[in-house]
Amino acid sequence: DSAITYIDIPLLTEQEMAESLKRFDRDAFGQLSVRQKSLLQSPHLLHMWMTIARDNPDLNFQSGTSLIRAYLHDRRKKAVLLGADERGLSDFLDLIVTNMDSHNRIWAPSRLAENFALTFDRLQSVGLLRESAKNILFSHQSYLDYQVAYRVLSKLNDQNSLVDWLGEKKNQHLLKREQLKLILSQLAEEDPQRFINESAQLVQSMTVRFHLKHLVLVQIAQEVPTPQLSDVVLNWLLAQYLEDRVIDTIFFGHPKWIA
(Lines give C-alpha, C1' and ligand atoms only; values in the text may rest on other atoms or scores of the structure.)
Protein backbone atom coordinates (compact mmCIF):
# COMPACT_ATOMS: atom_id res chain seq x y z
CA ASP A 1 0.00 0.00 0.00
CA SER A 2 1.69 3.23 -1.17
CA ALA A 3 -0.03 5.18 1.63
CA ILE A 4 1.65 3.11 4.33
CA THR A 5 5.27 3.37 5.38
CA TYR A 6 6.76 0.15 6.72
CA ILE A 7 9.53 0.52 9.30
CA ASP A 8 11.64 -2.51 10.13
CA ILE A 9 12.51 -2.64 13.84
CA PRO A 10 15.38 -5.10 14.34
CA LEU A 11 15.93 -7.23 17.41
CA LEU A 12 18.17 -5.79 20.10
CA THR A 13 21.53 -7.40 20.68
CA GLU A 14 21.83 -9.13 24.03
CA GLN A 15 24.15 -6.32 25.18
CA GLU A 16 21.63 -3.62 24.19
CA MET A 17 18.87 -5.50 25.96
CA ALA A 18 21.04 -5.93 29.07
CA GLU A 19 21.78 -2.19 29.16
CA SER A 20 18.07 -1.37 28.91
CA LEU A 21 17.30 -3.75 31.75
CA LYS A 22 20.08 -2.30 33.88
CA ARG A 23 18.43 1.12 33.73
CA PHE A 24 15.17 -0.53 34.78
CA ASP A 25 16.60 -2.77 37.52
CA ARG A 26 20.30 -3.50 37.82
CA ASP A 27 19.64 -7.11 38.89
CA ALA A 28 16.95 -7.90 36.30
CA PHE A 29 19.21 -9.37 33.60
CA GLY A 30 20.72 -11.98 35.91
CA GLN A 31 17.31 -13.13 37.09
CA LEU A 32 16.05 -14.02 33.61
CA SER A 33 16.39 -17.42 31.96
CA VAL A 34 18.19 -17.85 28.63
CA ARG A 35 14.80 -18.24 26.92
CA GLN A 36 13.43 -15.05 28.53
CA LYS A 37 16.53 -13.05 27.55
CA SER A 38 16.10 -14.20 23.96
CA LEU A 39 12.43 -13.13 23.93
CA LEU A 40 13.19 -9.71 25.42
CA GLN A 41 15.50 -8.89 22.53
CA SER A 42 12.25 -7.92 20.79
CA PRO A 43 11.72 -4.20 21.56
CA HIS A 44 7.95 -4.76 21.70
CA LEU A 45 8.16 -7.64 24.19
CA LEU A 46 10.74 -5.74 26.23
CA HIS A 47 8.39 -2.74 26.42
CA MET A 48 5.55 -4.96 27.66
CA TRP A 49 7.75 -6.63 30.25
CA MET A 50 9.12 -3.33 31.58
CA THR A 51 5.58 -1.91 31.77
CA ILE A 52 4.25 -4.64 34.04
CA ALA A 53 7.27 -6.24 35.75
CA ARG A 54 7.68 -3.59 38.47
CA ASP A 55 4.20 -4.39 39.84
CA ASN A 56 4.62 -8.10 39.08
CA PRO A 57 8.11 -9.05 40.35
CA ASP A 58 7.33 -12.79 40.08
CA LEU A 59 6.15 -12.50 36.47
CA ASN A 60 6.90 -15.77 34.71
CA PHE A 61 6.75 -16.19 30.94
CA GLN A 62 8.27 -18.71 28.54
CA SER A 63 6.88 -17.40 25.26
CA GLY A 64 5.84 -14.17 23.60
CA THR A 65 2.25 -15.37 23.82
CA SER A 66 2.35 -15.81 27.60
CA LEU A 67 3.89 -12.34 27.98
CA ILE A 68 1.16 -10.76 25.83
CA ARG A 69 -1.43 -12.60 27.94
CA ALA A 70 0.07 -11.21 31.16
CA TYR A 71 0.30 -7.71 29.68
CA LEU A 72 -3.33 -7.64 28.55
CA HIS A 73 -4.50 -8.93 31.94
CA ASP A 74 -2.48 -6.21 33.66
CA ARG A 75 -3.81 -3.44 31.40
CA ARG A 76 -7.41 -4.56 31.92
CA LYS A 77 -6.87 -4.58 35.68
CA LYS A 78 -5.40 -1.07 35.54
CA ALA A 79 -8.36 0.17 33.46
CA VAL A 80 -10.78 -1.17 36.08
CA LEU A 81 -8.79 0.57 38.84
CA LEU A 82 -9.21 3.81 36.86
CA GLY A 83 -12.98 3.39 36.88
CA ALA A 84 -13.85 1.18 33.92
CA ASP A 85 -16.62 -1.34 34.54
CA GLU A 86 -15.38 -4.94 34.20
CA ARG A 87 -18.48 -6.11 32.33
CA GLY A 88 -18.54 -3.04 30.10
CA LEU A 89 -14.84 -3.51 29.36
CA SER A 90 -15.40 -7.11 28.25
CA ASP A 91 -18.43 -6.16 26.16
CA PHE A 92 -16.62 -3.29 24.45
CA LEU A 93 -13.52 -5.32 23.62
CA ASP A 94 -15.71 -8.15 22.32
CA LEU A 95 -17.58 -5.68 20.13
CA ILE A 96 -14.54 -4.14 18.47
CA VAL A 97 -12.61 -7.42 18.12
CA THR A 98 -15.66 -9.00 16.45
CA ASN A 99 -15.88 -6.06 14.06
CA MET A 100 -12.18 -6.15 13.18
CA ASP A 101 -12.05 -9.91 12.76
CA SER A 102 -15.22 -10.17 10.66
CA HIS A 103 -13.96 -7.46 8.28
CA ASN A 104 -10.33 -8.67 8.18
CA ARG A 105 -8.94 -5.30 9.26
CA ILE A 106 -7.03 -3.82 12.20
CA TRP A 107 -9.49 -1.02 12.98
CA ALA A 108 -13.13 -0.54 13.96
CA PRO A 109 -15.23 2.62 13.49
CA SER A 110 -15.18 4.99 16.46
CA ARG A 111 -18.99 5.04 16.56
CA LEU A 112 -18.80 1.64 18.28
CA ALA A 113 -17.53 3.45 21.38
CA GLU A 114 -20.62 5.68 21.69
CA ASN A 115 -22.09 3.56 24.51
CA PHE A 116 -18.70 2.85 26.08
CA ALA A 117 -17.17 6.34 26.36
CA LEU A 118 -15.62 5.88 29.84
CA THR A 119 -14.35 2.39 29.04
CA PHE A 120 -12.77 3.57 25.78
CA ASP A 121 -11.12 6.49 27.57
CA ARG A 122 -9.64 4.25 30.27
CA LEU A 123 -8.35 1.71 27.76
CA GLN A 124 -6.60 4.54 25.95
CA SER A 125 -5.18 5.78 29.27
CA VAL A 126 -3.54 2.41 29.99
CA GLY A 127 -2.11 2.20 26.48
CA LEU A 128 -4.21 -0.63 25.10
CA LEU A 129 -6.28 1.30 22.52
CA ARG A 130 -5.89 4.45 20.48
CA GLU A 131 -8.05 6.51 18.12
CA SER A 132 -6.99 7.74 14.71
CA ALA A 133 -9.08 9.31 11.92
CA LYS A 134 -12.34 8.27 13.61
CA ASN A 135 -11.17 4.70 13.92
CA ILE A 136 -10.37 2.58 16.99
CA LEU A 137 -7.11 0.62 16.87
CA PHE A 138 -5.15 -1.44 19.34
CA SER A 139 -1.86 0.25 20.20
CA HIS A 140 -0.08 -2.80 18.79
CA GLN A 141 -1.49 -5.35 16.35
CA SER A 142 -0.34 -8.25 18.56
CA TYR A 143 -3.01 -7.27 21.12
CA LEU A 144 -5.72 -7.79 18.50
CA ASP A 145 -4.09 -10.96 17.20
CA TYR A 146 -3.95 -12.46 20.70
CA GLN A 147 -7.63 -11.84 21.33
CA VAL A 148 -8.64 -13.33 17.99
CA ALA A 149 -6.40 -16.32 18.74
CA TYR A 150 -8.00 -16.74 22.17
CA ARG A 151 -11.46 -16.80 20.60
CA VAL A 152 -10.46 -19.38 18.02
CA LEU A 153 -8.81 -21.62 20.62
CA SER A 154 -11.89 -21.52 22.84
CA LYS A 155 -14.00 -22.83 19.95
CA LEU A 156 -11.67 -25.57 18.72
CA ASN A 157 -13.15 -29.06 19.02
CA ASP A 158 -13.48 -32.24 16.98
CA GLN A 159 -15.98 -30.56 14.64
CA ASN A 160 -14.20 -27.20 14.40
CA SER A 161 -10.61 -27.07 13.15
CA LEU A 162 -8.16 -24.34 12.17
CA VAL A 163 -8.75 -25.25 8.52
CA ASP A 164 -12.42 -24.45 9.10
CA TRP A 165 -11.53 -21.15 10.78
CA LEU A 166 -9.33 -20.06 7.86
CA GLY A 167 -12.14 -20.72 5.40
CA GLU A 168 -11.77 -20.11 1.67
CA LYS A 169 -8.44 -19.08 0.18
CA LYS A 170 -9.80 -15.65 -0.75
CA ASN A 171 -10.27 -14.91 2.96
CA GLN A 172 -6.78 -16.04 4.04
CA HIS A 173 -5.26 -12.55 4.21
CA LEU A 174 -1.86 -11.74 5.68
CA LEU A 175 -3.67 -10.53 8.81
CA LYS A 176 -4.49 -14.19 9.51
CA ARG A 177 -0.79 -15.03 9.54
CA GLU A 178 0.11 -13.50 12.90
CA GLN A 179 -3.13 -14.76 14.41
CA LEU A 180 -2.38 -18.31 13.26
CA LYS A 181 1.15 -17.98 14.61
CA LEU A 182 -0.17 -17.10 18.06
CA ILE A 183 -2.73 -19.92 17.94
CA LEU A 184 -0.09 -22.50 17.03
CA SER A 185 2.32 -21.19 19.65
CA GLN A 186 -0.33 -21.45 22.34
CA LEU A 187 -1.43 -24.91 21.23
CA ALA A 188 2.16 -26.15 21.28
CA GLU A 189 2.49 -24.84 24.82
CA GLU A 190 -0.85 -26.02 26.21
CA ASP A 191 -1.99 -28.99 24.09
CA PRO A 192 0.90 -30.59 22.13
CA GLN A 193 -1.23 -33.37 20.62
CA ARG A 194 -3.80 -30.90 19.35
CA PHE A 195 -0.93 -28.84 17.93
CA ILE A 196 0.28 -31.88 15.99
CA ASN A 197 -3.19 -32.73 14.70
CA GLU A 198 -4.01 -29.19 13.62
CA SER A 199 -0.58 -28.71 12.00
CA ALA A 200 -0.99 -31.90 9.99
CA GLN A 201 -4.42 -30.81 8.74
CA LEU A 202 -3.16 -27.36 7.78
CA VAL A 203 -0.12 -28.57 5.85
CA GLN A 204 -2.01 -31.33 4.05
CA SER A 205 -5.12 -29.27 3.20
CA MET A 206 -5.70 -28.25 -0.39
CA THR A 207 -7.68 -25.19 0.76
CA VAL A 208 -4.88 -23.50 2.78
CA ARG A 209 -2.63 -20.95 1.10
CA PHE A 210 1.09 -21.72 0.95
CA HIS A 211 2.20 -18.75 3.07
CA LEU A 212 0.18 -20.19 5.96
CA LYS A 213 1.48 -23.73 5.41
CA HIS A 214 5.01 -22.32 5.49
CA LEU A 215 4.22 -20.63 8.79
CA VAL A 216 3.20 -24.03 10.22
CA LEU A 217 6.50 -25.57 9.10
CA VAL A 218 8.44 -22.69 10.67
CA GLN A 219 6.57 -23.18 13.94
CA ILE A 220 7.25 -26.92 13.91
CA ALA A 221 10.97 -26.28 13.36
CA GLN A 222 11.03 -24.41 16.69
CA GLU A 223 9.48 -27.30 18.62
CA VAL A 224 11.23 -30.21 20.29
CA PRO A 225 10.87 -33.22 17.92
CA THR A 226 8.76 -35.62 19.99
CA PRO A 227 8.11 -39.11 18.54
CA GLN A 228 4.55 -38.14 17.55
CA LEU A 229 5.60 -34.89 15.86
CA SER A 230 8.56 -36.60 14.17
CA ASP A 231 6.28 -39.26 12.67
CA VAL A 232 4.11 -36.56 11.06
CA VAL A 233 7.13 -34.72 9.64
CA LEU A 234 8.75 -37.92 8.32
CA ASN A 235 5.51 -38.82 6.54
CA TRP A 236 5.62 -35.43 4.82
CA LEU A 237 9.06 -36.31 3.46
CA LEU A 238 7.38 -39.11 1.51
CA ALA A 239 5.08 -36.62 -0.20
CA GLN A 240 6.88 -35.26 -3.27
CA TYR A 241 5.18 -31.89 -3.15
CA LEU A 242 6.28 -31.33 0.48
CA GLU A 243 9.71 -32.93 0.63
CA ASP A 244 11.85 -29.91 -0.36
CA ARG A 245 9.84 -27.49 1.80
CA VAL A 246 10.13 -29.75 4.85
CA ILE A 247 13.88 -30.23 4.41
CA ASP A 248 14.55 -26.50 3.88
CA THR A 249 12.28 -25.24 6.66
CA ILE A 250 12.41 -27.88 9.39
CA PHE A 251 15.71 -29.73 9.00
CA PHE A 252 18.10 -27.17 7.50
CA GLY A 253 19.71 -25.09 10.27
CA HIS A 254 17.93 -26.94 13.09
CA PRO A 255 20.35 -29.50 14.62
CA LYS A 256 17.73 -30.84 17.05
CA TRP A 257 15.77 -32.16 14.06
CA ILE A 258 18.72 -34.08 12.58
CA ALA A 259 20.43 -35.29 15.77
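Residues: numbered from 1 along the sequence shown.
More than 12 heavy atoms of other residues, nucleotides or ligands shown are found within 6.0 angstrom of CZ on F251. Atom NE2 of H211 sits in a crowded spot, with more than 12 heavy atoms from other residues, nucleotides or ligands closer than 6.0 Å. Summarising the local packing, CG of L238 is surrounded by more than 12 heavy atoms from other residues, nucleotides or ligands at distances under 6.0 Å. In the displayed structure, K256 atom NZ is contacted under 6.0 Å by more than 12 heavy atoms of other residues, nucleotides or ligands.
Judged by the 6.0 Å and 45° rule, R75 forms a cation-pi pair with Y71.
Residues L162 and L187 meet the side-chain proximity criterion, which asks for heavy atoms closer than 4.5 Å. The shortest side-chain heavy-atom distance between I106 and M100 does not fall under the 4.5 Å cut-off. Using a 4.5 Å heavy-atom threshold, the side chains of F29 and M17 count as touching.
K78 and D55 are joined by a salt bridge, as a carboxylate oxygen and a charged side-chain nitrogen come within less than 4.0 angstrom of each other. Using a cutoff of 4.0 Å between basic side-chain nitrogens and carboxylate oxygens, K176 and D145 are not scored as salt-bridged. Using a 4.0 Å cut-off between charged nitrogen and carboxylate oxygen, R111 and E114 do not count as a salt-bridge pair.
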Inset, instruction - Please report the C-alpha distance between L46 and F24 in whole Å, then the side-chain angles of each, then the deciding distance to 0.1 Å, and finally whether the side-chain contact (heavy atoms from CB on, under 4.5 Å) criterion is met. - result: CA-CA 11 Å; L46 180 61; F24 173 77; over 6 Å; no
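Although no hydrogens or angles enter the test, the distance criterion places a donor-acceptor pair under 3.5 Å between the side chain of H103 and the main chain of N99.
Residue L40 is grouped with residue M50 when hydrophobic side chains (ILVMFWY) are merged at heavy-atom distances under 4.5 angstrom, including chains of intermediate members.
Aromatic ring orientation, H140 versus Y143: tilted (interplanar angle from 30° to 60°).
A side-chain donor-acceptor contact under 3.5 Å links Q204 and W236.
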